[in-house]
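The structure appears below as structure tokens.
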Amino acid sequence: MSFRDLSVYQIYPKSFRDSTGSGVGDLRGVIEKVDYIASLGVGMVWFNPFFVSPQVDNGYDVADYYAIDPAMGTMDDFTELVAALKQRGIGVMLDMVLNHTSTQHVWFQRALAGDPAYQDFYYLRAGRDERLPNNWTSKFGGPAWSPFGDTGLYYLHLFAPEQADLNWHNPAVRREMAAVVDFWRRLGVTGFRFDVINLIGKPFDLPSAPAGVDDRAMYTDGDLVVPFLKELQAASYGLDADAVTVGEMSSTTLERCIEYSRADGGPLSMVFNFHHLKVDYAGGQKWTKAPFDFAALKGLLMGWAEGMAAGNGWNALFWNNHDQPRAVDRFGDAAGHREASATMLATVIHLLRGTPYVYMGEEIGMTDPAYTSIDDYVDVEARNAYDALLAAGHDAADAFAIVHAKARDNARTPMQWTPGPNAGFTTGTPWLAPTNQDTINVAAEEHGGVILPYYRRLIALRKELPVIAEGDVQAYAHDHDRVLGYTRSLGENRLLVLANFYGEDATLDLPPEFASARVLIGNHPDPRISEGRITLRPYEAQSLLLTDGSKEI
Ligand code: NOJ
């Protein structure tokens, strides 16, 4: 499968559709909705993990890579789901969490029971005098080390204490991981998303970060990531020439991402990076509340698009996922211009160079929930952050406002299918409550809505127009203070994309050759173009196409 004209739909199974009334989404719920998924025109669905897990980190703490969490279904359900999607021309992408296991995993349990072979599956280290083995911190707060039973040793966990990092230096670990990927490949899985995969190449001596150095620099993007991935590729997903792979790259660099995804020999099809989503972090810190920095956003989005093109790498393009608050709230005006904001943001991503990912609910303009209490949140990260903010001296209202803006639960509320109780997600009590399904839901979008049809058109255009799938990319009007712009080009065919990120009009010059171009797609039916200039209304996006008259539509 080519991934250049592909669009991917991301499903958080726990929140998509509950077929049993348990309050938790499941695979049969997804089966009920395959026609809806197919109607979007996507070629692949990425499922967040549904393996057996104690759910400390919502499935990213895997206790058995070979079995489906009974709360979410059975192997038969999975086989049926793969077949139902395949019948509609849609591939399945699974989430492989290979950097760490749950501490409930049998390997960790055997290690705890004293089996040296399994102790070598993890990073176990002695403390230094009275101190921990090194100064690394967990991404969910606190130190990255916890006591390993009563051995006096510590084990490394870059995430929650219940997520123990695997020692990839051990060839047995690498073989086990390849076996996991190969198992799912043999069941018809054609896509793999690798969780925080640029953390697997840690230096074996796990050195402390020197004073003034961020500890992430000590374990991110290590030199072993590429060789480890190539070994995994040769033993598993590489056996299927058409497999689509995407690596989640934490705190990465453009240079490394080119290496990971380059067309001539990179081990992955494409990469996710998160830099463009950190432009509303005050002082680089997530748990803050600040307006987004538009110049930084443009610099990052366009710098990565152009840089990956120059290096022959490939980006996964996205605004939303299960770890991010809804983009409409962050970069648009969810209250005053929700439809325009949602379609403007979609235009930017879907016409850019790379593979677009649509996170469930994005295609109907879902927003962050209107929660009022910290008790409404479930996520371990949000709850830890709230406590840490209070401990750092924030008052309760302030701490809550920050969590409200930044929590991952913002994205994890149930898919809103219909108005009314529980949004058509469950007949039971949802594990996380929806709040605005009466105004935002699939049923309303199917009958006269504007966002869903717009997404369908964008996804179709990528398949119709090689200039979108294959064209080169260049920033346009890069210094404009309200508009993000770029051009795409392939042979004689050229596309200009312009998006106003603000609630006021924005005027700019068109490149002269585009003065007579036709509109390809825009979120307002009547673009205001005159005398070589265009004036975009609040949150308006337009794209103009120039063709050689024969090859394109
Ligand atoms: C990234 C995943 O997207 C996130 O949800 C998870 O908490 C961490 N990796 C740890 O697996």
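Not measured: the values here are computed from a predicted model. Sequence positions, counted from 1, serve as the residue numbers for this chain. When a ligand or atom number is given, it counts from 1 through the structure's own listing order.
- Annotation: ring-ring contact (aromatic ring centres under 6.0 Å, His included) contacts of Tyr36 (sequence neighbours excluded): Trp417.
- In this structure, Phe292 and Phe331 have perpendicular ring planes: the angle between them is above 60°, well past the 30° mark.
- Under the 30°/60° scheme for interplanar angles, the aromatic rings of Phe78 and Phe50 are found to be tilted.
- Of all atoms in ligand 1, numbered sequentially from 1 with element shown, those under 4.0 Å from a heavy atom of Phe140 are 7 (O).
- Heavy atoms of Gln324 stay at 4.0 angstrom or farther from ligand 1.
- Ligand-side atoms of ligand 1 in range of Arg412: 5 (O), range being under 4.0 angstrom from any heavy atom.
- Note on Arg383 versus Asp387: no salt bridge recorded, every NZ/NE/NH1/NH2 to OD/OE distance being 4.0 Å or above.
- Contact between Arg408 and ligand 1 is present, with at least one heavy atom of the residue lying under 4.0 Å from the ligand.
- The closest side-chain donor-acceptor pair between Asp26 and Ser19 falls under 3.5 angstrom.
- Distances below 4.0 Å separate heavy atoms of Val196 from the following atoms of ligand 1: 9 (N).
- Neither the backbone nor the side chain of Glu381 has a heavy atom within less than 4.0 Å of ligand 1.
- For Asp165 and Lys202, the salt-bridge test passes: some basic side-chain N is under 4.0 Å from an acidic carboxylate O.
- Each of the following atoms of ligand 1 lies closer than 4.0 Å to a heavy atom of His100: 10 (C), 11 (O).
- Of all protein heavy atoms, the one lying nearest to atom 7 (O) of ligand 1 is Asp57 OD2, 2.5 Å.
- Of the protein's non-hydrogen atoms, the one nearest atom 8 (C) of ligand 1 is Phe159 CE2, 3.8 Å.
- Relative ring orientation between Tyr123 and Phe204 is described as tilted, the plane-to-plane angle lying within the 30° to 60° band.
- Note on Lys406 versus Glu381: no salt bridge recorded, every NZ/NE/NH1/NH2 to OD/OE distance being 4.0 Å or above.
- Atom 9 (N) of ligand 1 has as its closest protein heavy atom Asp195 OD1, 2.9 Å.
- Near His322, the atoms of ligand 1 lying under 4.0 angstrom from a non-hydrogen atom of the residue are 2 (C), 3 (O), 4 (C), 5 (O).
- Distances below 4.0 Å separate heavy atoms of Asp323 from the following atoms of ligand 1: 1 (C), 2 (C), 3 (O), 4 (C), 5 (O).
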